[in-house]
Every structure is written in C-alpha cells, then in structure tokens.
Number of protein chains: 2
Amino acid sequence: MTRKPTDPTRPAAGPRREAADAEGNVRAVDRALAILQSFEEGDAALPLVEIARRAGLHLTTALRLLGTLESHGFVQRGAAGGYALGPQLLALGERFRRSLRLEDQVMPALDRLRSESRESAAFFVREGEQRRCLFRQESPQPVRTVAQVGDVAPLGIGAYGRALVALEAEPRPRLPIVSHGERLPEVVAIAAPVLNGRGAVAGAIGITMPRYRFDPAAEARCLPLVLREAAALTRALGGDPSPILALA
Amino acid sequence: MTRKPTDPTRPAAGPRREAADAEGNVRAVDRALAILQSFEEGDAALPLVEIARRAGLHLTTALRLLGTLESHGFVQRGAAGGYALGPQLLALGERFRRSLRLEDQVMPALDRLRSESRESAAFFVREGEQRRCLFRQESPQPVRTVAQVGDVAPLGIGAYGRALVALEAEPRPRLPIVSHGERLPEVVAIAAPVLNGRGAVAGAIGITMPRYRFDPAAEARCLPLVLREAAALTRALGGDPSPILALA
DNA sequence: CAAGTGACTTCCATCCTACGGAAGAGAAGG
DNA sequence: CCTTCTCTTCCGTAGGATGGAAGTCACTTG
C-alpha cells in the first residue's frame, strides 16, 4: 500500500504548506517541487529553516533537496546565505511560453493597446477552470501593478475571466466586456476573447486601469481599441473574428 | 548496479543527454529535473519514449516522474498525447526574475531604447562565467529574433558579453561597446554596463540590429542612446554613472 | 571570556520507497 | 488477423532517501 493523503505521523505543528502528494507520485520529487513552490512573491532569499518549515520537511531533507535543485540551477544561494529561485526557471518558463507560439502575434497587439490607451495591456489563456496571465505590457504611467505574468485567477469573474467564456455564456454578453472593481476593487478592465484558426477561444486580450481614470471619454476611446485588437489578433492567429464582432 | 556514464545496455542508439548527477544529489530529483531540461527550444509536445531517451531513463521511470511533475503543473499533457512544459514554470520563472527587483527600472529603459532606435533592446546579467538575457523588447520592425529571454551566452564575447566585463578589462574599452558579427554573423550589437548602488556591475543594456541596417547614420543615432540609458539606469538603481561616462 | 543560541552541515544505520522487469492495454498499420 | 508501436499497470527487490544525532560556525548574552 502506498502513501495515504493524510498521514498522522507527519512532522506536525504548523507547516504553512504541505507537499500535497498525489497517489503514486515520487515523494522526493514531490518534496523538491514543493520547495520551489514555497517561494512566494517578494521572497528574495529564504533561510534553510524557513524553507523546511514552509514545505513541512526535515532540515536535512530540505538541505539535500536544495543541493540537488541548486546543482541544476533551479535555486541559487543568495549572498546573504539563503536560497533563492534560480535562473534555470526563467529559461524553462520562457520555453513554455514560446511553445505556445503566441508571442509573435500577441506582443505587437499588446504594444499597440498600451501605446494608444496609455494603460496596461494583458493577454490571458484559459487553463482548466482558471485563467493565467501569459503576457503583459505595463502602462507607461506610474500606476500600481495589479497582475503579474504567470499569475492565475478564476474564470468567470473579472473582464478577462468573463471574456474567456463569453462565447459559451447565456445570454451572450456584449463585447468587449467591462468590469468595474469586479475582482479587484478600484480596478477597471476591458477585455475581449480571441479565437484561433479552429474557431476555439485562444485567449483574452484587454487593458486594465485604475478606476479613477475611467470616465466616459476613456471608455469611448478604449472599448473600440480592445475590440479592434481582439479582432486583429484573431486574424493573425488564422481565425475568423466575426463571432466576436457580432457581439460588439 | 548503477548507471555508468556509458552503458552499452542502454535503450540503444544515443540518448542525447545524461542526468549528470552530482555527488550527494537525490537521484529521483536529478532525473526529474533532467526531464524538464530535456525539452528544447521549439519542442511542443514530446512523446514519452522520446523524453525517456533524451534523459536516459527507463520508460517506467520517466512515466512516474512525469506523473509527479504533471501533478504540480511543471509539465502538462498535450492534446496530441505527449508531454509539454507546464505553466507553473512560467510562474516560477517570473518570480525569479522579479526577485531581482530590476524589472521596474529596466523595462522602461528598454522601452525608450526600442522606441527611439526602432531596434531590439535587451538587458543581460552576469552569471558566473556566463551571461543571461533577463529582459528583452523586440524591435517593431519585422526582423529575425536572435536571442530569447532566459538564454545564456558566453562572457567576453559579443557587445553585451564585453560590456559586462568592461570595467575590469585591460585596457579599458571605449563605451558603448559595438560588436560587428562578433558572436552572431550579420548582427551588430551596441551595449554598455550598468552599475548598482554598491558600484558593482548590475548588468549590461543595449540594442541589437541586423548588420545591413547599421550605417554611420545609425551609429551616430544609437551609440548616444545606449550610453544615455546605461547612465540613466545606473542612476535609477542608485549607482554613480561616472565610471561609465569616463569611458565614453 | 565563557556559555548560550540559532542556523547550517556532516555522518550513518535503518527502513521504505523508487526502481525496472514483465506483462497487459490500446491504437495504428499491413 | 497479426504485427508493431506507445503507453500503462503491477509488483518484488535492493539500493537510495530519510531523519536522528552530533559537529561546526557565527553571533549574542550573561
């Protein structure tokens, strides 16, 4: 018999996270990946003890796993003597993103959106019952960054989240979708779906801005922009934008 | 018996890579990371057999490790039934990059370089005896992309590679450094070092263009741009740009 | 200055887990 | 139908990962 989901003999106390191992997984790898995922936004270099605590691992175990991760460049030792995420992750992350072959089409569209709206533009894709930010261009204005590349958010809420399911929702919403503080307070987002060559939803493109900058003038300026780029990007991906334009 | 570097009984032919395990590493983790690294540029989804061959692993072993990697989102199964890199890598790669806290300063500088030069701009950091591309803004012109975020290249060669060591080279080179087809044929690059608040080299910033676009007019336009942004970025990082300007 | 504290590292015997052989399932092709 | 190929499940074994204990080092406290 193999690993039970709940093991009462586990180190206990209160490790923040737990290596939520699935049945049949390789434990050592589960734990190593749990270590990587124990790094949170803004953590520069974490001391060994902290990593072990977060991942719920024995000190020795964490040390050994970190050594292995380090020798592959997945973590690196900080100058002040802790462990930080390593550069190999950047290389693989970009490789993942390029494997989707969206960058060449999406980035120019985001560039146009940003320069014409002077707001942050982003592109999300659906990932099961979530969505993930794949690309982003920051507003040239000194605004708060609310989202980050690689982040996940729920489907069905927020402009991007609703845009991704817009073509299967009943009743069909008008496009582009505008959300006022729907997921994040004080934030307005405008988004529309993008189709690929097979007519499926490839993602959602749009712009995000602080609410105080969203007035009727901004609305009149930005909505057509988003719609235009959603259609342009759909064409660039070999798709037919008419299902999108039909809801405009 | 364990795996020798060369094992005649291996699945045949030539496994392209080998899990170059270091002493004291956790084997299962070594192998899992080797699987991740066996994905190359342009590989969309690899069949299990191919992954096992590249990583030099038994089929069963590769399958089990892939299962574990999949349950953490480090790989995902393609529609056509193979394995591809997973979205979790993007999240962690970006987290790594943000942990360096350079993005807010570097990206605006790259934006300016790109929009004023209409060429691709990039920022490299030193990583031991190599350098790695951390940020990049693509030229608006339809040019060939030569480098990618996350890529590594050697130090000491190419404009960026020489800029990173410019302040310790003898004799000191003039800045910015210009390379004509030095590392990549048909490519011209212009780069200069960037200093941080402690006076150390934080990285190198510059632009890259196809050789045919580099004429005296382009040179007169671009060199000051790179120098200006190297100094501006140095100031933005709290450093003193005078060592850079002294070599201009 | 010595004792104490806390983070990190090394060592090693034990037990359990990852391993890979073998065989089954499933699809594609002849 | 049989062959061939890729992928998957199963299970006994052995070698590897584990974690306790003790050692090192730097820094603080009495």
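Below, chain A is the first sequence line, B the second, and so on; all start at residue 1. From a predicted model like this one, the values you see are computed outputs, not experimental measurements.
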Subject >> Five-pair end axes of the helix from C:dC1-D:dG30 to C:dG30-D:dC1 and the angle they enclose, rounded to 10° >> reply: 30°

Original post:
In chain order, what residues pass the ring-ring contact (aromatic ring centres under 6.0 Å, His included) check against B:Y160, with sequence neighbours excluded?
Top reply: B:F124

List, with names and distances, any nitrogen or oxygen atoms from the protein found under 3.5 Å away from nitrogen or oxygen atoms belonging to nucleotides 9-14 of chain C.
{"unit_1": "C:dT9", "atom_1": "OP1", "unit_2": "A:R77", "atom_2": "NH2", "d": "2.8"}

Subject >> Length of the CG-P vector between B:L46 and D:dT6, whole Å >> reply: 14 Å

Original post:
Which residues pass the side-chain contact (heavy atoms from CB on, under 4.5 Å) test with B:Q130, sequence neighbours left out?
Top reply: B:V152

Subject >> Rounded distance in Å - CG (A:L57) to P (D:dT18) >> reply: 8 Å

**OP:** Specify the separation, in whole Å, of atom CD of B:E50 and atom C1' of D:dC5.
**Re:** 15 Å

Original post:
So which heavy atom on B:L167 is nearest to which on B:L195, and how close?
Top reply: CD1-CD2, 3.6 Å

**OP:** May I have the distance from A:R53 (atom CZ) to C:dA7 (atom P), rounded to whole angstrom?
**Re:** 11 Å

Original post:
Any idea which of C:dT17, D:dC7, C:dC19 is nearest the B:R27 side chain?
Top reply: C:dC19

Original post:
With sequence neighbours excluded, what pairs up with A:E168 under the side-chain contact (heavy atoms from CB on, under 4.5 Å) test?
Top reply: A:R126, A:V165

Original post:
Taking atom C1' of C:dA18 as reference, at what distance in whole Å does atom CZ of A:R31 sit?
Top reply: 13 Å

Original post:
Pairs in or reaching into residues 149-159 of chain A: which pass side chain to side chain donor-acceptor pair (under 3.5 Å), with residues at least two apart or in two chains?
Top reply: none

Subject >> For B:P173, side-chain contact (heavy atoms from CB on, under 4.5 Å) partners two or more places apart >> reply: B:A166, B:A169, B:I177

**OP:** Please name all residues satisfying side chain to side chain donor-acceptor pair (under 3.5 Å) with A:E41, sequence neighbours left out, ordered by chain then number.
**Re:** B:R98

Original post:
Does the pair A:R101/A:E103 count as a salt bridge with the N-to-O cut at 4.0 Å?
Top reply: no

Subject >> Selection residues 73-83 of chain B - residue pairs positive for salt bridge (Lys or Arg N to Asp or Glu O under 4.0 Å), sequence neighbours left out >> reply: B:E70-B:R77

**OP:** Find which nucleotide of DNA chain C each of A:P47 and A:V29 is nearest to by heavy atoms, and output the residue with the more 5' nucleotide.
**Re:** A:P47

Subject >> Upstream residue (5' side of DNA chain C) when B:L65 and A:G82 are each assigned their closest nucleotide >> reply: A:G82

Original post:
Which listed nucleotide (C:dC8, C:dG21, D:dC7) is nearest to the side chain of B:H58?
Top reply: C:dG21

